[in-house]
Every structure is written in C-alpha cells, then in structure tokens.
Chemist: 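One structure follows; several queries about it will come next.
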Amino acid sequence: MEIRAIYPGSFDPVTLGHMDIIRRAAGIFDTLVIGVLNNNTKTPLFSVEERVKMLRDVTCDIPNVRVEAFSGLLVEYANQIGARVIVRGLRAITDFEYELQMSQTNKRIDAGVETMFFTSNVEYSYLSSSTVKEVASFGGDISPFVHPAVADRVYTKFGIQK
Ligand code: ADP
C-alpha cells in the first residue's frame with residue numbers, strides 16, 4: 001500500500017534544516033506532501049504563495065514531493081489528502097514539549113494519523129527560520145543556512161543588496 005506523509009510547517013523561509021528532513025522523509029515515504037501553513041495569527045515575512053513557490057523551486061529535483069498550502073486543522077487536511085503520517089523535525093529538547101503536546105492532541109482528534117519525528121542533523125540543530133531572518137535583517141551572511149535562491153529572496157525582502 002502506498003504510504004503518503006505530510007510535513008507541515010510555516011517554512012518562513014525554508015532552511016537547509018527543513019530540506020534535510022524533506023530529503024530523508026521523501027526517501028522513506030511513497031509521497032511526501034509539504035503543507036505550508038496559511039496562518040492568520042502569525043505575520044510571516046513571506047506570503048503563503050511565496051513560501052509555496054520557494055519550496056517548489058528548491059525541491060523540484062525530488063520527484064515524490066508535492067508542495068501545497070493549507071489552513072485549518074492539520075489532521076483534517078491530512079485526511080483530505082490521504083496522508084496517514086505527519087512528519088515533524090526535532091532539533092533539541094526545547095522542541096520536545098510543544099511537539100509532544102501537538103502530536104498527542106492530533107492523536108486524540110484522529111487516532112488514524114500517526115506523527116513521526118525525524119531528529120535534526122547536528123549540523124542544522126541550531127537552525128531556525130527566525131534566526132535566518134534576524135541575521136539577514138542585519139546584512140549578515142545566510143548562505144550556510146538556506147538554498148542560494150532562498151537567500152536572494154530573503155535579502156530582497158529586507159532591501160539588502162548582496
Ligand atoms: P512551525 O511553525 O510549524 O514550527 P517551522 O517551519 O518552524 O514551522 O518548522 C516546521 C518543522 O520543521 C517543525 O517540525 C520543526 O521542528 C522542523 N524544523 C525546523 N527547523 C529545523 C531544523 N533546523 N532541523 C530539523 N527540523 C527543523
């Protein structure tokens with residue numbers, strides 16, 4: 001049977017840490033849908049359309065990856081697209097409590113959807129979209145953290161010429 005997984009997140013913007021999880025998960029599941037959260041409560045740097053476009057550009061060489069925007073309840077969306085697994089990344093102990101709470105809540109809403117955690121590669125365990133934005137806003141070098149096409153778009157947002 002085909003196993004489809006969803007990797008949800010804000011991806012504002014996608015980092016090399018996210019990309020590492022995407023490649024590893026795509027190597028395990030038949031299809032990996034990257035679900036870009038259209039979240040009204042957070043004010044993102046990039047619109048959901050821009051985030052989807054960036055993710056499609058940087059994952060275009062992985063044939064079993066699809067990128068879609070979604071809003072509302074994650075488990076409902078997972079059901080809608082036929083995904084039985086939710087993929088999340090764990091960087092450090094600080095991620096654990098929140099991720100545990102989310103996965104248990106989702107399990108309570110729908111026991112048919114499993115959350116599976118991928119531990120971050122040590123190389124990226126300190127990396128977050130927020131730190132990338134902070135470094136870029138001060139004109140710092142973000143090339144070790146994001147794909148070059150993403151770096152260009154982040155600098156453009158901050159009006160920085162590189
Ligand atoms: P959210 O707002 O849902 O936390 P993010 O885009 O920040 O969205 O993260 C999406 C997922 O990717 C989360 O499971 C997060 O733990 C994971 N993640 C974020 N950064 C990294 C990283 N550097 N290495 C591995 N996983 C990461």
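We use all heavy atoms of the structure for the numbers below, so side chains are in, but hydrogens, waters and symmetry mates are not. Each ligand, and each atom within it, is numbered from 1 in the order the structure gives. Everything numeric in this text was worked out from a predicted model, so none of it was measured.
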Chemist: Near G9, which atoms of ligand 1 are under 4.0 Å from a heavy atom of that residue?
Modeler: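 Per the distance check, 3 (O), 8 (O), 10 (C).
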
Chemist: List every atom of ligand 1 that sits less than 4.0 Å from any heavy atom of S120, numbering the atoms from 1 in the order shown and giving each element.
Modeler: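 Every atom of ligand 1 under 4.0 Å from some heavy atom of S120: 24 (N), 25 (C).
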
Chemist: Given E123, R51, R91, which has its nearest heavy atom closest to atom 20 (N) of ligand 1?
Modeler: R91

Chemist: Is E2 salt-bridged to R4, cutoff N-O under 4.0 Å?
Modeler: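 Salt bridge flag = yes for R4 with E2.
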
Chemist: Pairs of nitrogen or oxygen atoms closer than 3.5 Å, one from L90 and one from ligand 1: do any exist?
Modeler: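 Among all N and O atoms of L90, none is under 3.5 Å from an N or O of ligand 1.
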
Chemist: Does the N or O separation between R88 and ligand 1 drop below 3.5 Å for any pair?
Modeler: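 Min N/O separation from ligand 1 is below 3.5 Å for R88.
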
Chemist: Select one of side chain, backbone, both or neither to describe which atoms of L127 lie under 4.0 Å from any atom of ligand 1, heavy atoms only.
Modeler: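 Under 4.0 Å from ligand 1, L127 contributes backbone and side-chain atoms.
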
Chemist: Can we say D61 and R23 salt-bridge, meaning some charged N sits less than 4.0 Å from an Asp/Glu carboxylate O?
Modeler: yes

Chemist: Using a plain distance cutoff, I'd like to know if H18 has any nitrogen or oxygen under 3.5 Å from a nitrogen or oxygen of ligand 1.
Modeler: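 By distance alone, the answer is yes.
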
Chemist: How are the rings of F70 and Y77 set to each other: parallel, tilted or perpendicular (split at 30° and 60°)?
Modeler: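 Judged by the thresholds at 30° and 60°, the geometry between F70 and Y77 is parallel.
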
Chemist: Of all the heavy atoms in Y7, does at least one lie under 4.0 Å from an atom in ligand 1?
Modeler: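 Flag set, Y7 near ligand 1.
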
Chemist: Could you go through the side-chain contact (heavy atoms from CB on, under 4.5 Å) check for V58 and M54 one step at a time?
Modeler: CA-CA 6 Å; V58 301; M54 270 190 286; 5.7 Å; no

Chemist: Does this structure show an ion pair linking R88 with D95, if we count only N-O contacts that are shorter than 4.0 Å?
Modeler: no

Chemist: For atom 8 (O) of ligand 1, find the nearest protein heavy atom and state the residue, atom name and distance (0.1 Å precision).
Modeler: S10 N, 3.1 Å

Chemist: When you group the ILVMFWY residues by side-chain heavy-atom contacts below 4.5 Å and let the links chain together, are L90 and L32 in the same group?
Modeler: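 No; L90 is not reachable from L32 via cluster members.
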
Chemist: Under a 4.0 Å threshold between the charged nitrogen and the carboxylate oxygen, would D110 count as salt-bridged to R84?
Modeler: no

Chemist: Would you mind checking which non-hydrogen protein atom is closest to atom 6 (O) of ligand 1, with the distance to 0.1 Å?
Modeler: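 Sorting protein heavy atoms by distance from atom 6 (O) of ligand 1 puts F11 N, 2.9 Å first.
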
Chemist: Yes or no on side-chain contact (heavy atoms from CB on, under 4.5 Å) for H18 and S129, after CA distance, side-chain angles and deciding distance?
Modeler: CA-CA 9 Å; H18 294 128; S129 299; 3.4 Å; yes

Chemist: Counting each atom of ligand 1 from 1 as listed, which ones have a heavy atom of G17 under 4.0 Å away?
Modeler: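 Numbered from 1, ligand 1 contributes 22 (C), 23 (N), 24 (N), 25 (C).
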
Chemist: What about S129: any of its N or O atoms under 3.5 Å from an N or O on ligand 1?
Modeler: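 S129 vs ligand 1: no N/O contact under 3.5 Å.
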
Chemist: Give me the nearest non-hydrogen protein atom to atom 26 (N) of ligand 1 as residue plus atom name, then the distance to 0.1 Å.
Modeler: I21 CG1, 3.7 Å

Chemist: Could you name the option among G89, P13, G35, S130 that has the heavy atom nearest to atom 15 (C) of ligand 1?
Modeler: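 Answer by nearest heavy atom: G89.
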
Chemist: When you measure from the side chain of D12 to the backbone N and O of P44, does any donor-acceptor pair fall under 3.5 Å?
Modeler: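 Not at all, since once roles are kept as given, no pair shorter than 3.5 Å links the two residues.
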
Chemist: Heavy atoms only, cut-off 4.0 Å: how does P8 contact ligand 1, side chain, backbone, both, or neither?
Modeler: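 It is the backbone that touches ligand 1; the side chain stays farther off.
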
Chemist: Do S143 and D141 get their side chains close enough for a donor-acceptor pair, meaning under 3.5 Å?
Modeler: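 Yes.
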
